[in-house]
Amino acid sequence: MKKETAKTLRAFLIELVIYAVLVVGYFFLVLHFLGEWLHHLETRHRYTYGGVAILLIIGQAVVLENVTTLLLRLLRGRSE
Amino acid sequence: MFFPISGAHISPIYLAVIGFFIGILGGFFGVGGSFIAGPALRAVGLDWNFAVGTDLAHIVGKSVVAAKRHRALGNVDLKLGLIMAFGTIGGAEVGAQLIQMLKRAGNVNLVVSVVSIAVYLSISTFMIWESRKTLSQTRLPGGTVKGAKAKHDPSAFKHVTSGIQRLRIPPMITLPASGVTISLWIILLVAFVGGLFSGFLGGGAGYIRMPSMVYVLGIPTHLAVGTDLFEIIISASYGTFSHAIKGNVDILIALVMHTGAALGAQIGAISTQYFAGPKIRLAFVPLPLIGAVIVIYTLMTGHKL
């Protein structure tokens with residue numbers, strides 16, 4: 001039981017590190033490419049901004065859910 | 001890091017870490033976590049209007065991740081979630097109008113604070129009584145709780161719930177996923193009250209909706225958590241759009257916050273299968289209490305967290 005917990009914890013920590021690297025890269029990509037455009041939309045076209053905001057957050061949710069699921073599956077597969 | 005939409009300088013690591021912890025709460029309890037996200041965003045200097053709108057946007061993303069995971073575990077009743085979304089949106093609009101009326105009357109802060117403290121304390125007191133009584137009376141099954149096992153959810157309040165389900169006010173709705181048949185009007189009423197508190201007190205009001213789904217509608221706890229998250233996707237998207245056109249959403253902050261929340265929500269959702277319904281309900285008790293403490297602090301000091 002203890003061995004299994006240690007394996008799960010190790011897999012989780014590895015996942016956290018890989019995820020953190022991906023996320024830091026993503027921060028800069030999103031802010032660099034989308035920052036100005038979104039700011040412009042927010043000040044000039046509020047309705048479009050509202051729609052784009054929802055699409056972006058849902059799109060990111062679907063992508064990140066797939067990334068975390070894939071990472072969990074890969075690492076769990078390796079640790080077992 | 002500078003966020004041009006709100007004009008705020010906030011560390012992205014701070015946002016991701018806050019998102020991670022709120023994500024765990026959301027995935028496990030089916031709540032939005034506004035009572036933590038709001039003060040956390042305020043603490044780093046974000047204006048109140050941006051804190052509310054941005055939090056709603058982040059809740060949409062987190063709920064998508066957690067609801068998807070709960071669906072994989074068989075914990076989402078899509079039919080119930082869709083019906084509830086209508087009641088919630090209607091209730092949220094009425095709640096927002098109530099706030100406007102109280103603003104005109106000049107006593108909005110006191111009324112909202114007193115109502116919220118009373119509601120938070122009542123929910124916590126009731127849930128601690130019910131879950132402890134259920135745990136002392138029932139022998140819970142071992143192993144993971146998902147699928148058909150999640151539908152077996154003992155409750156010391158079951159006799160009242162069964163009485164509500166026996167009210168034959170047409171049209172009656174059958175919810176095969178939850179194993180419940182109940183009047184459409186009761187579902188809409190529960191959703192409307194949740195939406196009303198959401199519009200009146202702010203946030204997603206999961207602290208009211210999740211317990212109401214369990215105790216009033218008789219939905220098993222695991223399904224109530226998953227379905228609440230699915231329903232939040234619809235109602236919080238509506239709220240996000242409404243706030244965005246008023247200039248209250250910094251989507252860049254929400255996107256960064258959500259990177260942490262996506263991971264936390266998965267962990268929270270997966271964790272539910274290791275706990276029986278009454279244990280999840282007992283663990284839920286501190287959440288409304290934290291909400292009450294924040295409101296009491298705000299009332300006593302005059303500083304809005």
Side-chain angles (χ1 to χ4, degrees), chain A residues 1 4-5 8-9 11-73 75-76, chain B residues 1-7 11-13 15-17 19-20 23 53-54 56-69 71-72 233-234 236-267 269-270:
Chain A
M1 185 71 184
E4 206 162 286
T5 312
T8 310
L9 201 66
F12 175 66
L13 287 175
I14 297 170
E15 189 205 356
L16 211 59
V17 172
I18 299 172
Y19 190 75
V21 172
L22 288 174
V23 159
V24 168
Y26 173 79
F27 282 165
F28 292 104
L29 274 176
V30 165
L31 291 173
H32 183 71
F33 289 113
L34 294 180
E36 275 311 305
W37 178 63
L38 286 170
H39 189 206
H40 172 78
L41 272 186
E42 203 267 342
T43 47
R44 302 276 170 84
H45 310 282
R46 283 270 169 85
Y47 282 89
T48 313
Y49 173 72
V52 168
I54 293 171
L55 287 178
L56 273 175
I57 198 82
I58 292 178
Q60 176 172 305
V62 173
V63 171
L64 287 185
E65 201 268 342
N66 287 330
V67 169
T68 48
T69 304
L70 186 74
L71 279 176
L72 275 172
R73 201 172 294 161
L75 294 168
R76 206 176 286 180
Chain B
M1 187 173 270
F2 180 66
F3 291 92
I5 296 171
S6 57
S11 157
I13 308 295
L15 291 173
V17 170
F20 176 73
T54 304
L56 268 175
H58 139 263
I59 285 173
V60 174
K62 180 191 68 184
S63 302
V64 168
V65 175
K68 225 172 149 222
R69 174 58 59 183
R71 184 150 164 70
I233 298 172
I234 302 166
S237 294
Y238 174 80
T240 302
F241 188 76
S242 173
H243 274 282
I245 58 177
K246 292 181 185 93
N248 296 337
V249 175
D250 188 331
I251 192 63
L252 291 168
I253 294 180
L255 288 171
V256 173
M257 224 171 142
H258 177 252
T259 54
L263 190 60
Q266 290 247 30
I267 295 169
I270 292 168

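In this text the structure is predicted, and so the values were computed from the model without any measurement. Note on naming: letters A, B, ... go to the chains in the order of the sequence lines (proteins, then strands), and numbering restarts at 1 for each one.
- Around CZ of B/Phe2, the count of heavy atoms belonging to other residues, nucleotides or ligands within 6.0 Å exceeds 12.
- Residue contact with chain B, scored on non-hydrogen atoms closer than 4.5 Å, involves the backbone and the side chain of A/Leu38 alike.
- For the side chain to side chain contact (heavy atoms under 4.5 Å, CB included) test, residues two or more places apart in sequence or in another chain that qualify with B/Phe20 are A/Phe12, B/Ile24, B/Leu263, B/Ile267.
- The local environment of CZ in A/Arg46 is crowded, with over 12 non-hydrogen atoms from other residues, nucleotides or ligands closer than 6.0 Å.
- Of the listed residues (B/Ile245, B/Val64, B/Val60), the greatest number of heavy-atom pairs within a distance under 4.5 Å of chain A belongs to B/Ile245.
- When side chains are defined from C-beta on, B/Ser6 counts as touching B/Ile253, because their heavy atoms get closer than 4.5 Å.
- For chain A, the nearby part of B/Lys246 is the backbone; its heavy atoms alone come within less than 4.5 Å.
- Across B/Ala16, B/Ser63, B/Ala57, the residue that shares the most heavy-atom pairs under 4.5 angstrom with chain A is B/Ala57.
- Within the 4.5 Å cutoff, the side chain of A/Leu70 has no heavy atoms near those of the A/Asn66 side chain.
- Among A/Ala61, A/Gly50, A/Gly51, A/Gly59, the residue with the largest count of heavy-atom pairs under 4.5 Å with chain B is A/Ala61.
- Highest contact tally toward chain A, considering only B/Val65, B/Leu255, B/Val249, is held by B/Leu255 [criterion: heavy-atom pairs under 4.5 Å].
- Chain A forms the most heavy-atom pairs under 4.5 Å with one residue out of B/Gly61, B/Pro4, B/Ala262, and that residue is B/Pro4.
- Distance alone, capped at 3.5 Å, is enough to place a donor-acceptor pair between the B/Gln266 side chain and the A/Glu65 backbone.
- Residue A/Gln60 touches chain B through both its backbone and its side chain, counting heavy-atom pairs closer than 4.5 Å.
- In this structure the side chain of A/Trp37 reaches within 4.5 angstrom of the side chain of A/Val52, judged on heavy atoms.
- Most heavy-atom pairs under 4.5 Å with chain A: of the set B/Gly247, B/Ala66, B/Gly260, B/Ser242, this distinction falls to B/Gly247.
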